[in-house]
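Below is one structure, written out as structure tokens, with a few remarks after it.
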Amino acid sequence: MAIVVIKDKCKGCKLCIKACPFGAIDMIGKLAEINEKCTACKQCIPACPFDAIEDTEANAEAVDLSAYKHIWVYAEQRGGKMMNVALELIGEGYRLSREISDDTKVCAVLVGDKVDHLAKECFEYGADAVYLMEDPNLKNFTTDGYTKAMVDACKEYKPEIVIFGATHIGRDLAPRVAARLNTGLTADCTRLDVRVSTYIDYAKKNTTLDTSSLDENDPSTGLKQTRPAFGGNLMATIICPKTRPQMSTVRPGVMQKREPVPGATGEIIKVAVDVKESDIRTKVVEIVKSAKELVSLTDAEIICSGGRGLGDASGFDLIKKLADKVGGVVGSSRAAVDSGWIDHSHQVGQTGTTVKPKIYFACGISGAIQHLAGMQSSDIIVAINKDPDAPIFEVADYGIVGDLYKVIPQIIEEWDNAEKLYDASTK
Amino acid sequence: MALKIIVCAKQVPDTNEIKIDPVKNTLIREGVPSILNHDDANALEEALKIKDMYPDTHITVITMGPPQAKDMLIECMAMGADEGILASDRALGGSDTWATSNALSAVIEKIGEYDIIFAGRQAIDGDTAQVGPQIAEKLGIPQVTYVTEFEMDKNMKDITVKRALEDGYEVIKIQTPCMLTAIKELNNPRYMTVGGIFEACKKEIPTWGAKDLGVDPVKEVGLDASPTNVFRSFTPAPKGKGIMIEADSNQEAAQKLLINLKAKHVI
């Protein structure tokens with residue numbers, strides 16, 4: 001029972017009985033006692049003039065929260081190879097840990113079999129410590145095996161924050177870990193803050209949020225997890241005030257890696273793993289790398305995307321030509337994928353890949369909000385569209401109103417002359 | 001032995017239709033149609049395909065939401081589900097994924113026996129992909145997420161699925177009872193039939209509240225019980241309008257563009 005009467009303090013005045021809306025307090029002899037009807041509504045606590053009623057859970061929680069320390073990054077590896085997003089998150093964890101306090105560390109958590117060689121990479125990209133969980137039963141990712149390993153470790157070492165890449169594996173694992181630890185989890189975050197002042201700076205620069213109700217001198221360092229919802233139409237910042245650890249999955253390609261420091265090193269903590277074969281109720285029969293052309297949209301410096309305005313699937317031939325000329329990769333809008341013109345792996349946007357290339361060519365893409373959500377942080381956006389009112393022009397740095405089938409061939413034609421054209425234009 | 005399948009579904013606003021009030025910076029919900037969440041339609045379709053093969057299979061679709069979510073359950077029954085159950089109660093409002101999975105796992109426990117639970121990977125309004133795995137955790141059953149292919153042995157117990165990865169796929173074996181979350185590559189959902197709509201409208205849809213489910217509105221479900229809360233919500237700031245390139249010919253437009261890109265040192 002969360003609400004209790006402190007017997008030494010109770011004077012038997014019965015004021016609490018009047019205050020209780022549920023008839024949940026009885027007089028036993030001359031002392032009040034909480035019965036099973038109590039809903040922990042806490043109405044009785046301020047009603048007692050002698051401070052004789054307390055909420056034991058409130059106290060227990062306050063103690064618990066401070067027992068949690070350091071930031072853990074789930075250092076996702078597949079087949080002994082580190083995922084890019086893990087290094088991005090170590091970079092982000094580094095930034096956050098320094099904002100929390102001088103003695104808060106960012107720790108990479110490596111789970112697998114014979115993965116100790118990856119610790120070096122974690123240190124080079126900024127990890128202060130590496131928690132290493134190795135076991136033959138953890139060779140391949142399994143929900144059951146990895147959940148148990150992560151939950152056991154979280155219970156033993158009590159991290160304050162645990163972040164995962166929002167990959168197909170991170171989004172399978174993190175919800176189970178959070179549910180078993182009975183703590184909160186925020187999905188697919190695109191921004192994390194601990195200091196209120198940093199959050200205010202971010203909000204002022206990038207959002208329409210009225211920050212006047214926030215105090216930049218607020219010393220609290222609870223994790224503020226910002227994520228898109230409703231297809232990127234709305235952003236929400238989520239907090240996890242009552243439970244620990246605070247957990248998020250973070251979208252790949254959004255956070256910044258640190259410049260690696262060759263030879264950097266740190267503490268390695270070998271965590272005892274207690275995962276038996278019988279704990280794992282699924283069996284991975286095989287892992288197949290897709291034979292289809294590998295589209296690495298997240299790493300691309302230039303992306304040439306096509307949308308509904310192409311008219312049909314053959315339009316991607318022209319997009320491919322442009323991409324080949326400029327050294328880019330082919331992207332697409334959801335409309336083009338839904339029309340069956342190109343594979344989903346090329347899709348940029350809320351339900352596809354989030355990208356931030358140096359140049360993003362949007363060809364025949366109207367600019368649905370869910371597409372914009374996935375590409376608007378590109379350095380330069382070039383939009384080519386027949387419709388001068390297309391929303392894509394609202395975010396474009398350079399817009400060309402015209403027929404993409406006529407404009408793109410000209411760009412391909414002139415691409416190698418760019419230097420000459422520029423020199424001529426400055427004379 | 002007849003299979004018992006539970007499908008978890010959600011009624012969502014069609015996000016392609018959503019617009020933002022430019023003054024208040026809030027979602028305009030009026031006139032936005034509610035639909036059966038896309039991935040959940042794939043989850044239901046896979047259950048229906050099993051029923052096509054084994055007609056004595058019983059499919060129960062469950063959802064949590066406001067009373068009008070019954071419309072979506074009727075749609076699911078018109079597609080071929082046997083039964084729909086709605087968890088609806090003010091005490092369930094404001095639940096995050098942890099609390100939602102408490103409510104839905106209580107619904108499933110109240111139903112009792114099941115062999116397979118299908119859910120959509122994620123809903124298009126929240127995009128969390130967390131409720132499926134968290135229900136599985138609360139029920140203590142194994143899961144496979146991002147399922148793109150499903151095959152069940154004749155023993156009705158051994159299941160082989162393909163699970164999508166970013167750069168390929170895994171083949172995974174799992175046994176019932178289990179939770180599988182569907183993505184759109186899994187199948188093409190069927191349409192409702194006229195007869196199905198007629199039959200579905202005649203069916204009772206039980207509505208279960210927090211009391212029926214035996215869940216505690218302070219500790220297990222609803223806003224107060226949820227470990228996560230919304231701190232602030234807002235709309236992204238629009239990026240400033242850029243330069244529209246004016247030119248007399250396509251060649252000139254291309255040239256002007258390249259001069260600009262060169263000047264910015266991006267090429």
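The sequence lines fix the lettering, A, B, ..., with proteins before strands; numbering per chain opens at 1. Hydrogens, waters and symmetry mates are skipped; everything else that's a heavy atom, side chains included, is used. From a predicted model like this one, the values you see are computed outputs, not experimental measurements.
Heavy-atom distances place both the backbone and the side chain of A:Lys406 under 4.5 Å from chain B. Using a 4.5 Å cut-off between heavy atoms, B:Ser226 touches chain A through its backbone atoms (N, CA, C, O) alone. At a 4.5 Å heavy-atom cutoff, B:Glu252 makes no contact with chain A through either its backbone or its side chain. Contact of B:Asp216 with chain A is not made at all, since no heavy-atom distance falls under 4.5 Å. Proximity to chain A is absent for every atom of B:Ala247, based on heavy atoms less than 4.5 angstrom apart. Heavy-atom distances place both the backbone and the side chain of A:Thr167 under 4.5 Å from chain B. Neither the backbone nor the side chain of B:Glu246 comes within contact range of chain A; no heavy atoms are under 4.5 Å apart. For chain A, no part of B:Ala99 is nearby; none of its heavy atoms comes within less than 4.5 Å. At a 4.5 Å heavy-atom cutoff, the contact between A:Glu419 and chain B is made by backbone and side-chain atoms alike.
At least one side-chain heavy atom of B:Arg163 sits under 4.5 Å from a side-chain heavy atom of A:Ile169. With contacts defined as side-chain heavy-atom distances shorter than 4.5 Å, the pair B:Lys262/A:Leu421 does not qualify. Side-chain contact between A:Thr183 and B:Trp98 is absent, with no heavy-atom pair separated by less than 4.5 Å. Contact annotation: the side chain of B:Tyr146 approaches that of A:Arg171 to within less than 4.5 Å [non-hydrogen atoms, C-beta and beyond].
The CD atom of B:Gln130 sits 8.5 Å away from atom CE of A:Met247, with the distance rounded to the nearest 0.5 Å. Interatomic distance, B:Asp167 CG to A:His168 NE2, rounded to the nearest 0.5 Å: 9.5 Å. With values rounded to the nearest 0.5 angstrom, B:Ser249 atom OG is found 7.0 Å from A:Gln410 atom CD. The distance from the CG atom of B:Asp127 to the CZ atom of A:Arg251 is 8.0 Å, given to the nearest 0.5 Å. For the atom pair CD1 (B:Ile267) and CD1 (A:Ile380), the distance works out to 10.5 Å, reported to the nearest 0.5 Å. Rounded to the nearest 0.5 Å, atoms OH (B:Tyr169) and CD1 (A:Ile287) are 11.5 Å apart.
Residues A:Leu209 and B:Ser233 share a closest heavy-atom pair of CD1-O, 4.1 Å. In terms of heavy-atom proximity, A:Gly184 sits nearest to B:Pro227 at N-CB, 3.5 Å. Between A:Tyr422 and B:Ile259 the shortest heavy-atom distance is CD1-O, 3.7 Å. Minimum interatomic distance between A:Asp338 and B:Lys184 (heavy atoms only, all atoms of both residues): OD1-NZ, 3.5 Å. Across all non-hydrogen atoms, the minimal contact from B:Ala129 to A:Pro175 is O-CG, 4.2 Å. The two atoms that bring B:Lys173 and A:Val285 nearest to each other are CG-CG2, 3.7 Å, heavy atoms only.
Looking at residues two or more places apart in sequence or on another chain, you find no ring-ring contact (aromatic ring centres under 6.0 Å, His included) involving A:Phe361.
Per-residue heavy-atom pair counts under 4.5 Å with chain A were compared for B:Leu258, B:Ile245, B:Ile243, B:Ile172, and the maximum is reached by B:Ile243. Across A:Ile239, A:Asp210, A:Ile411, the residue that shares the most heavy-atom pairs under 4.5 angstrom with chain B is A:Ile239. Most heavy-atom pairs under 4.5 Å with chain A: of the set B:Val230, B:Thr160, B:Thr97, B:Leu165, this distinction falls to B:Leu165. Top candidate by heavy-atom pairs under 4.5 Å with chain A, chosen from B:Asp224, B:Thr181, B:Ile141, B:Leu261, is B:Ile141. Heavy-atom pairs under 4.5 Å with chain B peak, among A:Asn417, A:Val382, A:Leu185, A:Asn140, at A:Leu185. With chain A as the partner, the residue from B:Arg121, B:Lys162, B:Gln134 showing the most heavy-atom pairs under 4.5 Å is B:Gln134. For the set A:Glu413, A:Lys205, A:Arg227, the entry with the most heavy-atom pairs within less than 4.5 Å of chain B is A:Arg227. Ranked by heavy-atom pairs shorter than 4.5 Å toward chain A, the options B:Gly168, B:Ala254, B:Pro142 are led by B:Pro142. Your options are A:Asp172, A:Leu173, A:Thr282, A:Thr243, and the one with the most heavy-atom pairs under 4.5 Å with chain B is A:Asp172. Looking only at heavy-atom pairs under 4.5 Å with chain B, the residue among A:Ser425, A:Pro388, A:Gly402, A:Ala424 that has the most is A:Ser425.
By the 6.0 Å contact criterion, NZ on A:Lys204 is open, its count of non-hydrogen atoms from other residues, nucleotides or ligands being 12 or less. Heavy atoms of other residues, nucleotides or ligands lying less than 6.0 angstrom from CD of B:Glu185 number more than 12. Counting heavy atoms of neighbouring residues, nucleotides and ligands inside a 6.0 Å radius, atom CG of B:Asn188 does not exceed 12 of them.
A:Ser213 and B:Arg232 form a side-chain donor-acceptor contact under 3.5 Å, judged by distance and modelled atom types alone.
Counting only residues at least two apart or in different chains, salt bridge (charged side-chain N to carboxylate O under 4.0 Å, His left out) contacts with residues 134-144 of chain B comprise A:Arg176-B:Glu137, A:Arg180-B:Glu137.
Ionic pairing of A:Arg78 and B:Glu170 is not present here: no N-O contact between side-chain nitrogen and carboxylate oxygen is shorter than 4.0 angstrom.
None of A:Thr226, A:Leu214, A:Ile238 except one satisfies the side-chain contact (heavy atoms from CB on, under 4.5 Å) rule with B:Phe231; the exception is A:Leu214.
Of the possible polar contacts, none joining the A:Glu414 side chain to the B:Gln251 backbone as a donor-acceptor pair under 3.5 Å is found.
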